[in-house]
Amino acid sequence: SGSGGSSGGSGSSSVRAQSSATVSRDEKFSWSEFFSSDLPNKLGVLVGLIVLSRVGVYIRIPGVDVDSFAQTMSNNGLMGYVDALSGGSISKVGLFSLGIIPYINASIVLQLFSTAFPSLKKMQREEGAQGRARFQYYQKLGAFVFAIAQAVGQLTYIRPYVDNFTPEWLFGSTCALVAGAMALVYIADTISELKLGNGTSVIIFAGIASALPSSVGQLVAQNAGDDPTNVVVYVVAFFLTTLGIIYVQEAERRIPINYSNRYTAGNLARQSYLPFKVNATGVMPLIFASSLMSAPTAIARYADAAWADSFAATVGPGGPAYLPVSIALIAFFNYYYTFLQLEPKDLSEQLKRGGAAIPAVRPGRQTAEYVTATLTRMSILGSLFLGALSAAPALVEGITHLTAFRGFAGTSVLIMVGVATDTARRIRAEQAMAKYQDVEKLYDQM
């Protein structure tokens, strides 16, 4: 019997070794498999759409002194940050000047409305693909309304820089900007359909990346003749921030699960867990908070009142309330978005129906309470991380006294790293799926 047990143990070890070798071969990158799949075509379409989203930025609205307006934007900290998120499209007053911001604002409003109106929440979560499609249709309608309002507001704001401001010019330019904003929404949707990344995030990533070279040039120009260690501090801070972002983005809390109706020995037992990311919400809280933080500056532009200017200066970059308000908004959206993505009660019901349970936790209500407590703690950690990212640029700026990267904050680095890692992960998944599709085609031909 001892020899039989030894033989069984060696057999299971052999199976595990073969399984590991198979997984290793599946994860290994192969250029031949890459070019034989649909990935090159998808990547080509993705690059083409990104280039198209940037070309529209440089198709300028006629009759505007763009250089003078761009100089004004560069002196405004918060608007400079929003301009950096859009890749300088606002300061260039181009066809895509509104960027993807109207769609983001519409998403914020509808997500908040979904908590007040259960029918919206049910449409998004319980009505399947048809419900999600209808919810996205409402988002696009909201984006259209926001685009009209923002186009009129932006064109009215740049009135001092317009050669001949007439109702005809305002109407024609508004139509052009709204058409550009809706074209970006279509481009974002098309990118999402490629399954290589979230379209909205990819467009924002392209905008931030396009603003990076000019920020580096400004940094070198500002530091000309000063202590060169200031540039070193910026480089080290950028490197450490990137490493920290990658570490936190990949960190997760794994909650073990026991199944009552399935064989849970060997590899299956090790793979049974619930993974909760430390920063499960990604970059969305930062995008939402940045959009809201730009509201006081917009109000001050249009109100032309002393109190509005004072309030905008207080909550704007460099103001005493900027960091507290920014961190509070990030924490709120992080907490809200965490529970919007994952409903503890629904998760507990799914586990119960599947015959699964968390060790030492009763199925049903106690499981929901346990998951809620875990997600709350994870959202606090995620908020601390995002808050530290928001505060890091101010700390580096205080040490070096350089403001070239004021618009290129730590949140911008998070967006770039987050989108890049997500896209790389989806590309690997697409390549893995291509292998299974080849097997399916082989069976179909048999």
Side-chain angles (χ1 to χ4, degrees), residues 39-71 73-74 79-106 140 143-144 146-148 150-151 154-155 157-158 161-162 169 171-218 283 287 290-291 407-408 412 415-416 419-420 422-423 427:
L39 265 178
N41 293 334
K42 287 188 175 183
L43 289 174
V45 173
L46 176 63
V47 172
L49 291 172
I50 291 175
V51 171
L52 181 61
S53 71
R54 298 306 306 158
V55 169
V57 173
Y58 297 92
I59 303 175
R60 293 183 173 181
I61 300 296
V64 183
D65 187 355
V66 176
D67 294 335
S68 299
F69 178 65
Q71 183 64 32
M73 286 289 295
S74 63
M79 291 305 297
Y81 172 58
V82 177
D83 191 38
L85 284 180
S86 64
S89 61
I90 297 176
S91 60
K92 292 181 177 64
V93 198
L95 184 63
F96 291 170
S97 183
L98 298 181
I100 200 71
I101 294 177
Y103 186 72
I104 294 172
N105 291 337
K140 292 171 185 175
F144 181 72
F146 272 107
I148 295 174
Q150 290 178 224
Q154 181 172 325
L155 293 171
Y157 175 68
I158 65 173
Y161 309 95
V162 178
W169 179 89
F171 176 77
S173 299
T174 299
C175 291
L177 290 183
V178 172
M182 300 313 294
L184 278 179
V185 172
Y186 174 78
I187 291 174
D189 276 351
T190 307
I191 291 175
S192 297
E193 290 173 1
L194 294 174
K195 298 180 181 179
L196 296 181
N198 179 276
T200 303
S201 300
V202 169
I203 289 178
I204 295 175
F205 168 87
I208 295 173
S210 67
L212 183 58
S214 62
S215 297
V216 173
Q218 291 177 18
V283 300
I287 296 173
S290 299
S291 297
F408 197 87
S412 302
I415 292 172
M416 291 186 66
V419 173
D422 178 58
T423 301
I427 289 175

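Start at 1 with the first residue, then count along the sequence.
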Item checked: Shortest non-hydrogen separation from Ala147 to Leu98 and the atoms involved -> O-CD1, 3.5 Å

Next item on the list: Go through the steps for Arg54 and Val51 under the test side-chain contact (heavy atoms from CB on, under 4.5 Å), then give the verdict.
Entry: CA-CA 5 Å; Arg54 298 306 306 158; Val51 171; 5.8 Å; no

Could you tabulate the donor-acceptor pairs under 3.5 Å formed by side-chain atoms of residues 198-206, not counting sequence neighbours?
unit_1 : atom_1 : unit_2 : atom_2 : d
Asn198 : OD1    : Thr200 : N      : 3.1
Asn198 : OD1    : Ser201 : N      : 3.0
Asn198 : OD1    : Ser201 : OG     : 3.4

Check: Nearest heavy-atom pair of Phe96 and Leu52: which atoms, and what distance?
Finding: CE1-O, 3.5 Å

Item checked: Closest approach of Gly99 to Pro102 (non-hydrogen atoms, all atoms of both residues) -> O-CD, 3.7 Å

Next item on the list: I would like to know whether Val185 and Phe144 meet side-chain contact (heavy atoms from CB on, under 4.5 Å); could you show each step before the answer?
Entry: CA-CA 10 Å; Val185 172; Phe144 181 72; over 6 Å; no

Item checked: Residue pair Ile427 / Leu43, side-chain heavy-atom distance below 4.5 Å -> yes

Next item on the list: Indicate the atoms forming the closest heavy-atom contact of Gln154 with Ser97, along with that distance.
Entry: NE2-OG, 2.5 Å

Item checked: Partner of Ile191 under side chain to side chain contact (heavy atoms under 4.5 Å, CB included), chosen from Thr423, Val45, Leu46, Leu196 -> Leu46

Next item on the list: Please identify each residue that fulfils ring-ring contact (aromatic ring centres under 6.0 Å, His included) with Tyr161, with sequence neighbours left out.
Entry: Phe69

Note to self: Please find the pair of heavy atoms, one from Thr174 and one from Ala151, that lie closest to each other, and give the distance.
What the structure shows: CG2-CB, 4.0 Å

Next item on the list: Measure the CD-OH distance between Gln150 and Tyr157 for me, rounded to the nearest 0.5 Å.
Entry: 15.0 Å

Next item on the list: Please report the closest heavy-atom contact between Asp422 and Gly197, naming both atoms and the distance.
Entry: OD2-CA, 4.0 Å

Next item on the list: Output the distance between atom CG (Leu95) and atom OG (Ser173), rounded to the nearest 0.5 Å.
Entry: 10.5 Å

Using distance only, find each side-chain donor-acceptor pair of residues 177-184 under 3.5 Å and give its atom names and separation, not counting sequence neighbours.
none

Margin query: Nearest 0.5 Å, please: how far is CZ in Phe146 from CD1 in Ile101?
Written below: 12.0 Å

